[in-house]
Engineer: 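Here you go, one structure.
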Amino acid sequence: MDDPSQRLLRQLLRRIPAGNLKTTLEKWGRLTAAQWRTIDFTQTKSSIVQMLALCAENEFTMKHITELEMMYVIDNPNKGMWYAFQLIDPEADSQSLELTQFKEQFKSHLCELVRHVSVKIKKHTDEAVWIRIAWGDSYSRPNHLKPTYIVHHLQTPYVFVTGLSPKQRPLVSQALVLSSRYHAIKAANLSGRNLTAIRDLLMKQYQQVFPTRFPSPLSERNQSVSNPQIEREHAGHKENRLQMASETFGDGMLPQLQSSVYKLETKFRDRANQTMTEREEPFKCVVKFASTNLLESLKLCVSSGIASTPVTPLLSSIPLKGRNYFVITDNGPAPSSQMPLSQN
């Protein structure tokens, strides 16, 4: 096993939590039964040293180590920041694209653009195609310590990326557009550390509630009343808040989005401050809402009466448009190209 493979394996073994190391290696299935019995999983440092020795003994290559890393990342995707993109303007046969065709074309197109690049593609059980890219250039071999990961559902226009630098984005964009049979790709203005959450939000894969003029069944699920007289007095207002909260943000288990960012580029308006108001340059600031589950928090604010109804478009646009990054100007939303790129 060469030095780059050893460095990647060492880095990977340190990333895997001690409690998950045994099950991860079992799933990998590259060690013999006799070798398996020699590893002491009670001591993290000892197990890493033993694994390095066994992999060297088996003469594992970079292919085997990246296989282990890819398997771990697929099972534990929420370790980095994911950014969503959307393919646009599909060709007539884009929906009939098969995995084999996509793999061959993506690798071919990317290798034409980059002299030294390593591409590994794997289809997951949920039909998602996972792509691992290790980047090199004209003078250096691929750096497997800082790979880019891409997740793409072939029959949808959505792509999720982590570890992509601004320099690499045009290369990935061109390879994805050509191999997926679309004409362009744009930022979806949606990002987060929970890959499942941003995927479900963008693809509307969560329980939505649609507006209705008929009595809502929500009241039947909210009967924890301590004072019947107070409940009867406020029943109409409460039911309206509950209905609007569910119609805006959804029902049941909501995608666990962690944040939403609003970048303001508007004129400063305050009669008491003529100095700022008369400035020609726009007033710039950034407002960020953060929570362990932002949609659930906003929904609770509306249903409890903390936030006013109807819900402001600044908040309702998160689930409606599947975005969590907005640029607010005096002339309306700015182009989606202003979406920040992932650095790692």
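Predicted model only: the values in this text are computed from it and were never measured. Residue numbers count from 1 along this sequence.
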Engineer: Tell me whether the count of non-hydrogen atoms from other residues, nucleotides or ligands lying under 6.0 Å of CD in Gln174 goes above 12.
Structural biologist: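 No, CD of Gln174 has 12 or fewer neighbouring heavy atoms, counting only those of other groups under 6.0 Å.
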Engineer: Please collect all salt bridge (Lys or Arg N to Asp or Glu O under 4.0 Å) contacts where either partner lies in residues 92-101, sequence neighbours excluded, each pair once.
Structural biologist: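 Pairs touching residues 92-101 that pass the test: Asp93-Arg181.
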Engineer: Filter on ring-ring contact (aromatic ring centres under 6.0 Å, His included), then keep only pairs touching residues 20-76, sequence neighbours left out; what's left?
Structural biologist: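 Every pair satisfying ring-ring contact (aromatic ring centres under 6.0 Å, His included) with a residue in residues 20-76: Trp28-Phe60, Trp36-Phe41, Phe60-His64.
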Engineer: Are Leu320 and Leu294 joined in one hydrophobic group, where the rule is that I, L, V, M, F, W and Y side chains link up if heavy atoms are under 4.5 Å apart?
Structural biologist: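 Hydrophobic grouping puts Leu320 apart from Leu294.
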Engineer: Any side-chain to backbone donor/acceptor pair from Thr312 onto Leu315? Under 3.5 Å, distance only.
Structural biologist: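 Flag not set: sc Thr312 to bb Leu315 has no pair under 3.5 Å.
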Engineer: Applying salt bridge (charged side-chain N to carboxylate O under 4.0 Å, His left out), can you list everything that pairs with Lys123, at least two apart in sequence or on another chain?
Structural biologist: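 Here the qualifying residues are Glu127.
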Engineer: With a 4.5 Å cut-off on side-chain heavy-atom distances among I, L, V, M, F, W and Y, is there a chain of contacts connecting Leu113 to Phe102?
Structural biologist: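 As far as the 4.5 Å side-chain criterion goes, Phe102 and Leu113 are connected within one cluster.
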Engineer: When rounded to the nearest 0.5 angstrom, what distance separates CD in Gln35 from CE in Met51?
Structural biologist: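 Interatomic distance, Gln35 CD to Met51 CE, rounded to 0.5 Å: 9.0 Å.
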Engineer: Can you give me the closest heavy-atom contact between Arg323 and Ala188, atom names plus distance?
Structural biologist: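 Taking every non-hydrogen atom into account, CG-O, 3.3 Å.
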Engineer: Would a distance-only check, ignoring hydrogens and angles, find a side-chain to backbone donor-acceptor pair under 3.5 Å from Gln50 to Asp40?
Structural biologist: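 Pair found, side chain donor or acceptor close to backbone of Asp40.
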Engineer: Using the test salt bridge (charged side-chain N to carboxylate O under 4.0 Å, His left out), find all partners of Arg30 that sit at least two apart in sequence or belong to another chain.
Structural biologist: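 With neighbours one apart ignored, the set is Glu67.
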Engineer: What pair of heavy atoms forms the shortest contact from Pro319 to Leu295, and how long is it?
Structural biologist: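 That would be CD-CD2, 4.3 Å.
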Engineer: If I take atom CG from residue Leu68 and atom CD1 from residue Ile65, how far apart are they, to the nearest 0.5 angstrom?
Structural biologist: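 Going from the CG atom of Leu68 to the CD1 atom of Ile65 covers 6.5 Å.
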Engineer: First locate atom CG of Asn240, then atom OG1 of Thr309, and finally report the distance between them rounded to the nearest 0.5 Å.
Structural biologist: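 It is 5.5 Å, given to the nearest 0.5 Å.
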Engineer: Do side-chain atoms of Ser317 reach the backbone of Leu314 as a donor and acceptor pair under 3.5 angstrom?
Structural biologist: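 Between the backbone of Leu314 and the side chain of Ser317 there is no qualifying donor-acceptor contact (under 3.5 Å).
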Engineer: Testing the basics here: between Cys111 and Val117, what is the closest heavy-atom pair and its distance to 0.1 Å?
Structural biologist: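 Heavy-atom minimum between the residues: SG-CG1, 3.9 Å.
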Engineer: Does NZ in Lys122 sit with more than 12 non-hydrogen atoms of other residues, nucleotides or ligands closer than 6.0 Å?
Structural biologist: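 No.
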Engineer: Can you name the closest pair of heavy atoms from Asn324 and Leu190 and give their distance?
Structural biologist: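 Closest approach of Asn324 to Leu190: OD1-CA, 3.1 Å.
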Engineer: Quick one: does any side-chain atom of Trp82 pair with a main-chain N or O of Pro77 as donor and acceptor, under 3.5 Å?
Structural biologist: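 Such a contact is found between Trp82 side chain and Pro77 backbone.
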Engineer: Taking everything shown except Met203 itself, do over 12 heavy atoms lie less than 6.0 Å from its CE?
Structural biologist: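 Count over threshold, so yes.
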Engineer: Identify, with sequence neighbours excluded, every residue that meets salt bridge (charged side-chain N to carboxylate O under 4.0 Å, His left out) alongside Lys27.
Structural biologist: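 Asp75.
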Engineer: Would His144 and Arg132 count as having a side-chain donor-acceptor pair, cut-off 3.5 Å?
Structural biologist: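 Yes - a donor-acceptor pair under 3.5 Å links their side chains.
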Engineer: Is there side-chain contact between Ile318 and Leu298, with heavy atoms separated by less than 4.5 Å?
Structural biologist: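 Contact flag for Ile318/Leu298 side chains = yes.
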Engineer: Could you list all the salt bridge (Lys or Arg N to Asp or Glu O under 4.0 Å) pairs where at least one residue sits in residues 189-201, not counting sequence neighbours?
Structural biologist: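 Qualifying pairs, neighbours excluded: Asp126-Arg199.
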Engineer: Between atom CG of Asn194 and atom CG of Leu257, what is the distance when rounded to the nearest 0.5 Å?
Structural biologist: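 So the CG of Asn194 and the CG of Leu257 are separated by 8.5 Å.
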Engineer: Without swapping roles, check the side chain of Ser47 against the backbone of Gln43 for a donor-acceptor pair under 3.5 Å.
Structural biologist: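 Indeed, once roles are kept as given, a pair shorter than 3.5 Å links the two residues.
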Engineer: Only one of Glu91, Gln105, His152 clears side chain to side chain contact (heavy atoms under 4.5 Å, CB included) with Ser180; which?
Structural biologist: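 That would be His152.
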Engineer: Tell me yes or no: between the side chains of Tyr182 and Gln86, is some donor less than 3.5 Å from an acceptor?
Structural biologist: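 No - no donor-acceptor pair under 3.5 Å links their side chains.
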Engineer: Please tell me whether Leu178 and Ile131 are part of a single hydrophobic cluster in this structure, the criterion being side-chain heavy atoms less than 4.5 Å apart.
Structural biologist: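 Shared cluster, no.
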Engineer: Sequence neighbours excluded, which residues qualify as side chain to side chain contact (heavy atoms under 4.5 Å, CB included) partners of Pro310?
Structural biologist: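 Listed in chain order: Met244.
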Engineer: I need the minimum non-hydrogen distance between Val177 and Ala184, along with the two atoms involved.
Structural biologist: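 Minimum heavy-atom contact is CG2-C, 3.7 Å.
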Engineer: If every non-hydrogen atom of Lys186 is compared with every non-hydrogen atom of Ile88, which pair is closest and at what distance?
Structural biologist: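 Here Lys186 and Ile88 meet closest at CE-CG2, 4.1 Å.
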Engineer: What pairs of residues pass the salt bridge (Lys or Arg N to Asp or Glu O under 4.0 Å) test when at least one of them lies in residues 285-310, not counting sequence neighbours?
Structural biologist: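 Pairs touching residues 285-310 that pass the test: Asp251-Lys299.
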Engineer: Look only at the side chain of Gln258 and the backbone of Gln256, and say whether a donor-acceptor pair between them is shorter than 3.5 Å.
Structural biologist: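 Indeed, once roles are kept as given, a pair shorter than 3.5 Å links the two residues.
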Engineer: Looking at residues at least two apart in the chain, or sitting in another chain, which of them share a side chain to side chain contact (heavy atoms under 4.5 Å, CB included) with Ser316?
Structural biologist: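 By the side chain to side chain contact (heavy atoms under 4.5 Å, CB included) rule, Ser316 matches Thr248, Val311, Pro313.
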Engineer: Is there a path from Ile39 to Val49 through hydrophobic residues (I, L, V, M, F, W, Y) whose side chains come within less than 4.5 Å of each other?
Structural biologist: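 Ile39 and Val49: separate clusters.
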Engineer: Hydrophobic clusters here meaning ILVMFWY residues chained together by side-chain heavy-atom distances under 4.5 Å, can you tell me if Leu9 and Leu145 are in one?
Structural biologist: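 Looking at the clustering, Leu145 is in the same group as Leu9.
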Engineer: Sequence neighbours left out, what passes side chain to side chain contact (heavy atoms under 4.5 Å, CB included) with Leu300? Give chain and number order.
Structural biologist: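 Once residues adjacent in sequence are excluded, the partners of Leu300 under the side chain to side chain contact (heavy atoms under 4.5 Å, CB included) criterion are Ser303.
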Engineer: Quick one: salt bridge (charged side-chain N to carboxylate O under 4.0 Å, His left out) partners of Glu59, sequence neighbours excluded?
Structural biologist: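 Partners of Glu59 under the salt bridge (charged side-chain N to carboxylate O under 4.0 Å, His left out) test: none.
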Engineer: If you round to the nearest 0.5 Å, how far is NZ of Lys284 from OG1 of Thr266?
Structural biologist: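 Going from OG1 on Thr266 over to NZ on Lys284, the span is 11.0 Å.
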Engineer: Indicate whether the side chain of Asn293 and that of Ser291 have a donor and an acceptor atom separated by less than 3.5 Å.
Structural biologist: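 Not at all, the side chains of Asn293 and Ser291 share no donor-acceptor pair under 3.5 Å.
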Engineer: Report yes if the side chains of Leu176 and Phe85 come closer than 4.5 Å at any heavy-atom pair, otherwise no.
Structural biologist: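 The answer is no; the side chains never approach within 4.5 Å.
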Engineer: Nearest 0.5 Å please: distance from the CH2 atom of Trp135 over to the OG atom of Ser118.
Structural biologist: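 The OG atom of Ser118 is 11.0 Å from CH2 of Trp135, to the nearest 0.5 Å.
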Engineer: What donor-acceptor contacts under 3.5 angstrom involve side-chain atoms of residues 14-26, with partners at least two apart or in another chain?
Structural biologist:
{"unit_1": "Thr23", "atom_1": "OG1", "unit_2": "Asn20", "atom_2": "O", "d": "3.0"}
{"unit_1": "Thr24", "atom_1": "OG1", "unit_2": "Asn20", "atom_2": "O", "d": "2.7"}

Engineer: Are the side chain of Asn78 and the backbone N or O of Leu195 linked by a donor-acceptor pair below 3.5 Å?
Structural biologist: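 Yes: the side chain of Asn78 pairs with the backbone of Leu195.
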